[in-house]
Amino acid sequence: MAKSRQHVSNQDSLLSPTSVRSREWEGPSRWTGYLGSEMTSPLTSKSSKNPGLDMQTQSSVGSHKGLNMQWVVQLIEVAEGLMAKMYRLNQILDYPDPIGHVFSEGFWKADVFPNHPRICVLLSKKFPEHFSKLQLERVDKVAFDALHDGAELHIQSLEPWVQLLLDLMAFREQALRLILDLSSTVITLLPHQNSLILHAFMDLFCSFVRVNLFSEKIPRKMLLQTYNLLHALSRNERDCDFYHRLVQFIDSYDPPLKGLQEDLNFVSPRIGEVLEAVGPVIFLSTDTRKLRNEGFLSPYHPRYPDILTNSAHPMRAQDLANVTAYREWVLFGYLVCPDELLRVTSIDIALVVLKENLVLSLFRDEYILLHEDYQLYVLPRILESKKMAKSGRTKQKESDLEYNVAKQVEKMINEVHEQAILSCDAIHCERRILLKQEIGRMVLFFTDQPSLLAPNIQMVFSALALAQCEVIWYFQHVGIAVSKSKTARVVPVDLDPNDPTIGFLLDGMDRLCCLVRKYIAAIRGYALSYLSSCAGRIRFLLGTAGIVALDIDSSLKGLLHQIVHHLENIPKPQGENISAITCDLSDFRKDWLSILMIVTSSRSSINIRHLEKATVSTGKEGLLSEGNAAYNWSRCVDELELQLSKHGSLKKLYFYHQQLTAVFRNTMFGPEGRPQHCCAWLGIASSFPDCASPIVPEEVTKIGRDAVLYVESLIESIMGGLEGLINILDSEGGFGALEIQLLPEQAATYMNYASRVSIPSYKSPKGAAGFPLPGHESYPDNNSSIKMLEAAMQRLTNLCSVLNDMEPICVLNHVFVLREYMRECLLGNFRRRLLAVLKTENDLQRPSVLESLIRRHVSIVHLAEQHISMDLTQGIREVFLTEAFSGPVSSLHLFDKPVDQHTGAATEAVCNWYIENIVKDITGAGILFVPVHKCFKSTRPVGGYFAESVTDLRELQAFVRIFGGYGVDRLDRMLKEHTAALLNCIGTSLRSNRDMLETVATSLHSGDRIEREASMKQIVDLDTVMSFCIQAGLAMSFDRLLAEAAGAVLEEGAPLIYSLLAGVVNHIPEEIPEKGEIRRLRRVANTVGVVSDHDSKWVISILEEVGGAYDGSWSLLPYLFASFMTSTIWSTTAFNVDTEGFNNNIHCLARCITAVIAGSEFVRLESEQRQRQNLANGHAREMMDTELQSSMSAEASIKSTLQLFVKLSAEIILDSWSETNRSHLVAQLIFLDQLCETSSYLPRSSLEPYIPYAILRSIYSQYYASTPSTPLALLSTSPRHSPAVLLAHASPVLRQPRGDSTPQFSANDSGYFKGSSSHSLEHSYDADNGSLRTIENKHRNIRRSGPLDYSSSRKVKYVESSTSGSTGPSPLPRFAVSRSGPLAYK
């Protein structure tokens, strides 16, 4: 406590009677820690609360006659520092209640007071009794011993806050002395005569009251008593030096208002004069009608609009800028000087201000309940005066007046509380509406006429000050609760949390400040011009006879001439270089203040009244008026930003930032919210760090962090509103209602419904079938929906435009660029929307519907993009790329990216759905591939749709358009992975059954049927391998459809690239092995469906990737496939005429067999050719010949292997047939016929040597004749005995197309034909005879294609070795001896 004792000794010397000079020196030196470097050097006033008052240096000039205002400014700053320290102490102690002695758990854990509540609370309650009289050992012996042991440690934690009590006591004494000095020596304190010194005096007065009222909120009693106890325990029962003086100080200010009323009683009359003088301005500020009608806040004259510069009320409009301070003066003045309410005019002034306030702000967000304190501390003084007046009524005439006034004041105080609770919000709401309108007009006017901004700058400051007051009042009263005067019931203040005028005021203030900053050079130029003209007027006034006649001493005369010198030497604005002028007029203002200090002092021989009388005879403004006006305009030259901050800053709203956020969210996107207001709401945060006090360094960090969190919270709300607007438009009730299209099944349902209902009224297109119909938005009852859409579009475009044009928001070292947030919001919302619409409630969304939803959302983004200066289209492409490409990002870019960073969630989800539900059919929906319709069908819905709704070419094309080539590649890759696993199973089966298959091959060639059948029965998992092959064929079918869809989209979007691929692929040399570039080009062409043999090329790419088909077991592949003919699967297989396929996808097995045989043979020969090239040692000619031969031998090998498979399969089928076992026969025969039809390596006649087509024709005839749409059976003979067929062989011109009567060339149709150099004779023949053609032409619309149609749409290669005259045993006699045969097969 050495430091504390030193301060006490200093204080004792300060409080001892000393000279004025010693007090002036020792007084400010005490407050060095509160003032900082700026305030200790009395040169500037930048950090002063009242920046209009410059501090003066101590000079000998007039020091004996004038007042030194340095102390005034310094003590105001000290008051701010003291309150900042008390505020921080309250935060640390978790906001205790010292009056009710309520202390939270956080209070005791703050490590300020000893954690011994019983002793500490007892000391506080028994104040001012000394601890020695309380017998603390008996209260809590353990705690008392602990205090004794840790006394020194606790003293250290309490010492800085005890020093705060000492500072409060010293401040009280010094401020009181200074207030008394000013009150007794200043001649006049009227606002129109001495406004500068008046504001300084009243600011000090209010600061003094605030500090002492705020001190009641800290635990002063506990702090002093606990510290003294600890001091005595550690200092041999000796009290601290300042204990008794602090006890007296705290006791005299318990409660504070009691001490304040006693201390300020001597200045009460001066305060009453001041409050009466500011009354007219307060009355004017409350009269909204007069403010509007008289045009106090209008830049043009209200009754004469042609007069653009409003000079109707220049001084009164300027006074409105100070009305907030005037209201505080009234509330504080009458609270601590209640006797002044007994003035006749004071009742109305107090009533007006009390009626519109419920709380009185002390510091930041700390306040007192105004009316409760008036009733507790003002009303008793009024009742006492009333009693005294009543007792002396018979003695003097004035007693009646005093009694009546006291009675009116009593009534006013009793009733005004109820009035304030009921009407304060309505009063301020009306005022906010007025300011909203006036500031809105002011912004428009000055935007259109910026040259008039400078002459009306004081009016702008008044508008800003009034709006600032209203906004702060609103948030001060949000959420507070007050108790009614006559009951103890606590009621909340009824404020509308959705008041939209707050946003308008914030926006208007922000735009006004921006206008001032934009035209700051013009305002400075106008002010400089005014000061230049003012110099001449002041020089003229100094030369008048009245001034000359005054006996002005040399010091005052020197100051007056110095003023003229300052004004005459200011730089003259010339041309466009006003902004480059640097002018410091602080010396001019300091000299003028020195003059005011002299002439307003009662000790001066020349005072303000002498100067006014000496210059009033000129008929112009007096010397003091000119000087004060010059003082105000000089601040528009070098302190304009400071003035703007004083009147327009809303930094105090930091302490209400939680309420700010809540009101913003309630109003921003409400019916009266405006998107442009968000700029003002966000801009407030830039001033939040200015609230931090230099006395409490940790506040800077905390306030900065809270400001950043506030901005982030508001940005989150703004972006949420932006997303909400987009989602409103992108909903079924938004743009979706304007583009309703019926799905085919919905249209069919509606047509069925309309055909059943005969009453016309029931056919109204309002959704009678259960869903809205196109055009329903045009009905009058939907007008509100359309208007809602228009409003949402308008608000969206406005919000985007505002956010795009908004300047970056700077909070400390954080910079927020709203455009970037908006871009991330739009693209992030688009990505989330994309992922959300992928799935419906049941399952996958149809790609065509998904495409329309995406296009709708993209159109909304493009609508917003028109108002944003950035490329959102590129961002949308990036989102699509991110969601479509499913590999590592490093594969797309050259710069480094994490290898394990995988994207493509959307593509992954869609592709997984197709693989799991269509290709693998894990749900057991009965997926079937329908060749005739080129789609997949299901027996029950897969999710929300049947399979055909999501797998036809139109849907797959929509998938390709959405996800592009990356989506196609991903789905193709997943199909390849699935097929590779199935091919691996085939290879495993070949290797595990190699011995059995070799035995089967031997027996087939030798004709040993018994051994063949025995060997086939020993093949392991034959049915399983066959099902794997069917699945592989299903995957090939799906990939073929995907390739066709990709080709169609490529041809539509990039026809030149498509035609280039289609043309190049026909001229790619057939080489084995293929070069890498050629292989890559062929694979690219295969993915868009321009390669004729898609399946085999696809299987080749799979086998090359997985390294399959290289061992010798793959040569047994045709025997394994031929063994499939003995599978039990055939017993449940049935042919479907409508689909031209089988009920269990056996037709996909044909595609698998052809592709796998072709692929394995090609890979095997390619491997052999590589080995030959390695042995050739670079002989180019020999290598070229070898490659050509290999290409020819590969095709020949594939054909011979397939023909071997057909021969072996036919033999197994026919050998296994009998009278008792023939259920599988028809399906197997049709299967072989389809295999020969679809294979590009086999001519259609390949089956003729083993199974005559007459048998197949009879089978097909019965199938097609049994359909309900075909009344007649199709009967025909074998193609071998038909003259029409022979004629067709010789003359291809006789071939007739099946779709119309126009002849077609074979090159213009089917993709199943591929020319081969291994055959010298190629024919296309038509197997239908004349009578059959006649019947088929009648049913052309029933069956458009079929296995028995030999027209130009089915191109077959005629092989010489497979003619009708082939030798060897024919299976035909087997059917000839049968009593039923194929024709009777049911």
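This chain uses plain numbering: 1 for the first residue, then up along the sequence. The structure displayed is predicted, hence computed values, not measured ones. Both backbone and side-chain heavy atoms feed into the values below; hydrogens, waters and symmetry mates do not.
- For the pair Ser285/Leu320, a side-chain contact is recorded, criterion being any heavy-atom separation below 4.5 Å from C-beta on.
- With contacts defined as side-chain heavy-atom distances shorter than 4.5 Å, the pair Glu626/Leu541 qualifies.
- Judged by distance alone, the side chain of Ser529 and the main-chain N or O of Gly525 form a donor-acceptor pair under 3.5 Å.
- For the pair Phe446/Val460, a side-chain contact is recorded, criterion being any heavy-atom separation below 4.5 Å from C-beta on.
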Step-by-step side chain to side chain contact (heavy atoms under 4.5 Å, CB included) determination, Glu438 to Ser298: CA-CA 7 Å; Glu438 295 296 331; Ser298 297; 3.3 Å; yes
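- Between Leu180 and Leu176 the shortest side-chain heavy-atom distance does not fall below 4.5 Å.
- No donor-acceptor pair closer than 3.5 Å links the side chain of Arg537 to the backbone N or O of Leu623.
- Expressed to the nearest 0.5 Å, how far CD of Glu639 lies from CZ of Arg589 amounts to 4.0 Å.
- Between Ala535 and Glu568 the shortest heavy-atom distance is CB-CG, 3.8 Å.
- Atom CD of Glu328 and atom CE of Met202 lie 10.0 Å apart (nearest 0.5 Å).
- A donor-acceptor contact shorter than 3.5 Å is absent between the side chain of Ser649 and the backbone of Lys646.
- Between Leu190 and Ala277 the shortest heavy-atom distance is CD2-CB, 3.8 Å.
- Remark: side-chain polar atoms of Asn194 are paired, donor with acceptor, to backbone N or O of Thr188 under 3.5 angstrom.
- No side-chain donor from either of Trp31 and Glu77 sits under 3.5 Å from a side-chain acceptor of the other.
- With rounding to the nearest 0.5 Å, the separation of CG in Leu650 from OG in Ser686 is 11.5 Å.
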Step-by-step side chain to side chain contact (heavy atoms under 4.5 Å, CB included) determination, Arg431 to Thr286: CA-CA 8 Å; Arg431 201 172 297 164; Thr286 59; 3.7 Å; yes
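- The aromatic rings of Trp633 and Tyr530 are tilted relative to each other, their planes meeting at an angle between 30° and 60°.
- Residues Leu264 and Phe205 meet the side-chain proximity criterion, which asks for heavy atoms closer than 4.5 Å.
- Exactly one of Ile179, Ile197, Leu178, Asp203 qualifies for a side-chain contact (heavy atoms from CB on, under 4.5 Å) with Val72. That residue is Leu178.
- Rounded to the nearest 0.5 angstrom, Arg210 CZ and Ile76 CD1 are separated by 10.5 Å.
- Lys652 and Ser361 share a donor-acceptor pair across their side chains, judged by distance under 3.5 Å alone.
- In this structure a side-chain-to-backbone donor-acceptor pair under 3.5 Å is missing from Asp507 to Ala680.
- No hydrogens or angles considered: a donor-acceptor pair under 3.5 Å links the side chains of Asp591 and His566.
- Within the 4.5 Å cutoff, the side chain of Ser602 has no heavy atoms near those of the Val186 side chain.
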Verdict with supporting geometry, Met442 and Met459, side chain to side chain contact (heavy atoms under 4.5 Å, CB included): CA-CA 10 Å; Met442 196 177 288; Met459 184 184 301; 4.2 Å; yes
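- Ser462 places a side-chain N or O within 3.5 Å of a backbone atom of Gln458 that can act as its donor or acceptor partner.
- Counting heavy-atom neighbours within 6.0 Å of Arg270 CZ, excluding the residue itself, gives a total above 12.
- Ion pairing between Lys436 and Glu470 fails under the 4.0 Å rule for side-chain N and carboxylate O.
- Taking CG of Asp510 as the reference point, atom CD of Glu807 lies at 10.5 Å (rounded to 0.5 Å).
- Remark: the backbone N or O of Met597 is not paired with any side-chain donor or acceptor of Ser601 at under 3.5 angstrom.
- Both the sub-6.0 Å distance and the 45° axial angle are not jointly satisfied by Arg177 relative to the ring of Phe208.
- For the pair Val323 and Val278, the minimum side-chain heavy-atom distance is 4.5 Å or more.
- Counting heavy-atom neighbours within 6.0 Å of Glu273 CD, excluding the residue itself, gives a total above 12.
- In summary, the side chains of Asp181 and Trp71 do not present any donor paired with an acceptor at a separation below 3.5 Å, with no hydrogens or angles considered.
- Closest approach of Arg364 to Cys691, counting heavy atoms only: NH2-O, 3.1 Å.
- Phe332 CZ to Ser207 OG: the interatomic distance, rounded to the nearest 0.5 Å, is 9.0 Å.
- For Asp287 (side chain) and Lys290 (main-chain N/O), a donor-acceptor pair under 3.5 Å exists by modelled atom type.
- The nearest pair of heavy atoms linking Phe283 to Ile349 is CZ-CG1, 3.6 Å.
- No side-chain heavy atom of Asn322 sits less than 4.5 Å from a side-chain heavy atom of Val281.
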Residues Val516, Ile520; criterion side chain to side chain contact (heavy atoms under 4.5 Å, CB included); working and verdict: CA-CA 6 Å; Val516 173; Ile520 193 169; 5.7 Å; no
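- Across all their heavy atoms, Ile570 and Ser532 have their closest contact at CD1-OG, 3.5 Å.
- Closest approach of Ala465 to Thr324, counting heavy atoms only: O-OG1, 3.9 Å.
- The aromatic rings of Tyr326 and Trp329 are tilted relative to each other, their planes meeting at an angle between 30° and 60°.
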